[in-house]
Number of protein chains: 4
Amino acid sequence: MMDVPAKKRVRLSTEVRRQQILDAALTEFTALGFNAASISKIAARAGMSKANLYVHFANKDEIFETLLKDVLQPALGAWQLPPAGASVEHALDAYIDHQYEQMTPQMVSIMKLLISESHRVPELIRRWQDETVLPAHREQQARIDQYVADGALQKTPLTDNFSFIMAPVLYAVICKLIFTPEVAETERQKTRATHRQLIRLLLKAP
Amino acid sequence: MMDVPAKKRVRLSTEVRRQQILDAALTEFTALGFNAASISKIAARAGMSKANLYVHFANKDEIFETLLKDVLQPALGAWQLPPAGASVEHALDAYIDHQYEQMTPQMVSIMKLLISESHRVPELIRRWQDETVLPAHREQQARIDQYVADGALQKTPLTDNFSFIMAPVLYAVICKLIFTPEVAETERQKTRATHRQLIRLLLKAP
Amino acid sequence: MMDVPAKKRVRLSTEVRRQQILDAALTEFTALGFNAASISKIAARAGMSKANLYVHFANKDEIFETLLKDVLQPALGAWQLPPAGASVEHALDAYIDHQYEQMTPQMVSIMKLLISESHRVPELIRRWQDETVLPAHREQQARIDQYVADGALQKTPLTDNFSFIMAPVLYAVICKLIFTPEVAETERQKTRATHRQLIRLLLKAP
Amino acid sequence: MMDVPAKKRVRLSTEVRRQQILDAALTEFTALGFNAASISKIAARAGMSKANLYVHFANKDEIFETLLKDVLQPALGAWQLPPAGASVEHALDAYIDHQYEQMTPQMVSIMKLLISESHRVPELIRRWQDETVLPAHREQQARIDQYVADGALQKTPLTDNFSFIMAPVLYAVICKLIFTPEVAETERQKTRATHRQLIRLLLKAP
DNA sequence: AATGAATGAGTTTTCATTCAT
DNA sequence: AATGAATGAAAACTCATTCAT
């Protein structure tokens, strides 16, 4: 007879366990959505028993909420400020590029989660909106306004409503979520090129 | 004891019943997503027994698929051609306006469904993409190219990739799906205004 | 548009309809057993609607009962009398041969049905037993006794309990019901040969 | 109002629970057949919730399969070898006796299950046939052949095809499955007596 | 902290049967 | 007689959650 693998009962700190759970949960939730992701699989992926998972979180919703909270901290990285430099135009260019670059599969999955499951955590979303997204917008807008005031950028409808600049990026993300990979990728590249050209055009305009 | 209500059996045509089911299903699916929407509730909302629902549809997936198929026929109304007229600029303006106008709650819900559940019906989505969306894009692009050739529109990066024009609209839709109604509405109006101004600017540019 | 096939509403006599139903039911019941055979399929096979089926039979059990009643009339053909002739031994030989020959797939299926579902119709089975099987046994035994009295057959334990002679046939049937076709067929042939040889041996014995 | 019974949760080992389930399932399956036996009733009989039953078995089929597998291990006890002794004839007599003795209600039920539901587990049946039944036959036949070679038994058609000897036993079993208890019992006794006498006769034959 | 065992409340689906025409 | 539409009751199975250790 073979020895039974002798499943050890590992004892780890709460911190570690929570993180294991959240990591596993992120994978499962982004892959399947809230409902289809099961506690069983999350526990299995996190390497612990279901019951132990409930020692660390009160229920499935709490895991989800904690997860989104973590993920939403950096405001999707999206509306970060462009680094100021000698040439504002160049910086802006690099900034937009950065956004398209950042469109990783993981980020796309989280976007999907945010769209399809945000109704589960309205309070969290509201706080995220009020404390992260809107302030970031404002800060960014202030910076842009400063550039305009300084004459580093000329005033255009875009500089008046700078968050508008993310629209094409989002369009590319949504394409990834709906269309076939090939079409989505084509659309992303076309969008990116058009985006860049239009921005340049706009900044050069008299 | 109360008298038993003596529930009368209602007898309707298959056509009517199917439509009742689809209507109820659309409500439930858009409100909760595929998994969370239950056959029980759909049947209740449609005013019939669960069993009768299964007389008209083979299973939950078939309901979902039929629903999406119906909804996707008009290509979301989105990439419809701008009506040609005396002033192309004016027509374009009206066209964009139309897109923002069309952003009804129902349409927004369907968009959500499309994003969160399209993986369930990949074949349907592929056909929709290949037979509806892409052809519509092409036709629209051809029309724009004609305008440019005719000198009615001047050539810009946007006229080279005209579907790009939908990006801000989509941005507004996604805001509705994520943010609070107030913020979403504000964002929609700002986006719409910026969109219009930028288009005008672009068309006027030398 | 194509013309709809114009499903005719055929009107037939009760007799005909009942027989159509019974024929279809026999096929379905023997193929699947009582529970797995569905009214839907029986009705479809009989070429009528489910509702019409209920015009002719009160319920599923009644169909089953009627069916078995019909089938059990000839007492499975099993304990039929051996035709008397010049040589009783020869006749007996032919009789046994006949039993093995009669082991058609249909007969085997009915045997299976009889074993697995007879508990559903205990009363019917009792009547069949009392009014068909046992009388047939008795008649046959009487005939054998007569042969013995006449000296046409010599007295043996077998002639004292003649129904015993069916045991090997039944064994072959059960093999068909359990084992793989190849093994069952081999077993049937071996059994048949042994059966014949033993009978001959017995009749020749001093 | 009565106090709520406060059903205590009983906690037992997997081993025990599995056995409880198998016991209950055997009862239900043999009484009603596979389809008509419900998981609800099996769980109730086993004294646990349906859900717990699914903790121990993946589905209804797995229960059935496990059950048959367990039961088929000893090859139905049927074709076991006769113990060799001073008098082979005596041993054979005892062996046959043993078979009739062993015809317990439980064994009869399993026989019914085997006949009516074996199509559900063709692979299991094939393995049982190839690895248990046929080898047992062969071993037994070899033993008989040895007796014949030793002169302990004289060669007859029966010694050439020894498994034939089970046919009358099987006949008695089938009678139990179809006829009323009284008739079945009468038939069993008659069959047993005839069986014994014929065997003796055969062995004594010149 | 950790877990194997246990369960209530739900899910989708099926089917014999009945109703209205 | 015939049928399309309708349904109650039950089936198998799932899953988030809890209990006992």
Side-chain angles (χ1 to χ4, degrees), chain A residues 7-14 16-17 35-43 47-61 63, chain B residues 7-14 16-17 35-43 47-61 63, chain C residues 7-14 16-17 35-43 47-61 63, chain D residues 7-14 16-17 35-43 47-61 63:
Chain A
K7 208 177 293 171
K8 338 185 178 220
R9 187 185 267 236
V10 187
R11 198 186 167 96
L12 298 170
S13 78
T14 295
V16 173
R17 284 304 202 193
N35 276 293
S38 81
I39 291 285
S40 282
K41 273 181 155 184
I42 294 173
M48 74 188 67
S49 69
K50 273 186 289 179
N52 193 28
L53 188 149
Y54 278 90
V55 169
H56 298 286
F57 290 92
N59 50 41
K60 199 178 175 182
D61 289 271
I63 298 175
Chain B
K7 201 183 287 173
K8 267 285 176 190
R9 225 184 242 218
V10 185
R11 205 187 144 89
L12 298 170
S13 76
T14 295
V16 172
R17 285 303 201 192
N35 277 300
S38 84
I39 290 287
S40 285
K41 274 184 161 180
I42 293 173
M48 72 188 71
S49 67
K50 269 184 289 178
N52 194 29
L53 189 150
Y54 278 94
V55 169
H56 299 288
F57 290 92
N59 50 43
K60 200 178 173 184
D61 287 270
I63 299 176
Chain C
K7 207 177 292 170
K8 338 187 180 214
R9 185 185 268 236
V10 187
R11 197 187 168 94
L12 296 171
S13 77
T14 296
V16 173
R17 285 303 202 192
N35 276 294
S38 81
I39 291 285
S40 282
K41 273 182 156 185
I42 293 173
M48 74 188 68
S49 68
K50 271 186 291 178
N52 193 29
L53 190 149
Y54 278 91
V55 170
H56 298 287
F57 290 92
N59 52 41
K60 198 179 176 183
D61 289 271
I63 300 176
Chain D
K7 202 182 286 174
K8 267 285 176 188
R9 227 184 239 217
V10 185
R11 204 186 145 88
L12 298 170
S13 76
T14 294
V16 172
R17 285 303 200 192
N35 277 300
S38 83
I39 290 287
S40 284
K41 275 183 160 181
I42 293 173
M48 73 189 69
S49 66
K50 267 184 290 179
N52 194 27
L53 189 149
Y54 279 96
V55 169
H56 298 288
F57 290 92
N59 50 43
K60 201 178 173 184
D61 287 271
I63 299 176

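Both backbone and side-chain heavy atoms feed into the values below; hydrogens, waters and symmetry mates do not. All chains are named by letter (A, B, ...) in the order of the sequence lines, taking the proteins before the strands, and each is independently numbered beginning at 1.
Summarising the geometry, the separation between CG on B:Leu53 and P on F:dT7 is reported as 11 Å, rounded to the nearest angstrom. Spacing between atom NZ of D:Lys41 and atom C1' of F:dA10 amounts to 12 Å, rounded to whole angstrom units.
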Would you tabulate the side-chain donor-acceptor contacts of residues 49-59 of chain C under 3.5 Å, counting partners in other chains and residues two or more places apart, or write 'none'?
unit_1: C:Ser49; atom_1: OG; unit_2: C:Asn52; atom_2: N; d: 3.1
unit_1: C:Asn59; atom_1: OD1; unit_2: C:Asp61; atom_2: N; d: 3.2
unit_1: C:Asn59; atom_1: OD1; unit_2: C:Glu62; atom_2: N; d: 2.9

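Distance from the side chain of D:Ser49 is smallest for E:dG8 among the nucleotides E:dA1, E:dG8, F:dA6. Distance from the side chain of D:Thr14 is smallest to E:dA5 among F:dT7, E:dA5, F:dT3.
Projected onto DNA chain F by closest heavy-atom contact, B:Met48 and D:Ala36 fall at different nucleotides, the more 5' of which corresponds to B:Met48. Map D:His56 and A:Val55 each onto its nearest nucleotide of DNA chain E; the residue landing nearer the 5' end is A:Val55.
Distance check, rounded to the nearest 0.5 Å: CG of D:Leu12 to CE of D:Met48 gives 8.0 Å.
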Here DNA chain E, pairs taken as Watson-Crick or G-U under 3.5 Å and shown with ( ), [ ] when crossing and | when to another strand, reads .||||||||||||||||||||
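In terms of phosphate contacts, D:Asn52 brings a side-chain nitrogen or oxygen within less than 4.0 Å of OP1 or OP2 of E:dT7. Taking only side-chain nitrogens and oxygens, B:Arg17 comes nearer than 4.0 Å to OP1 or OP2 of F:dA6.
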How does protein reach along nucleotides 16-21 of chain E, written 5' to 3' as B (base within reach of a heavy atom under 4.0 Å), S (only sugar-phosphate), or - (no contact)?
-> SBBBBS
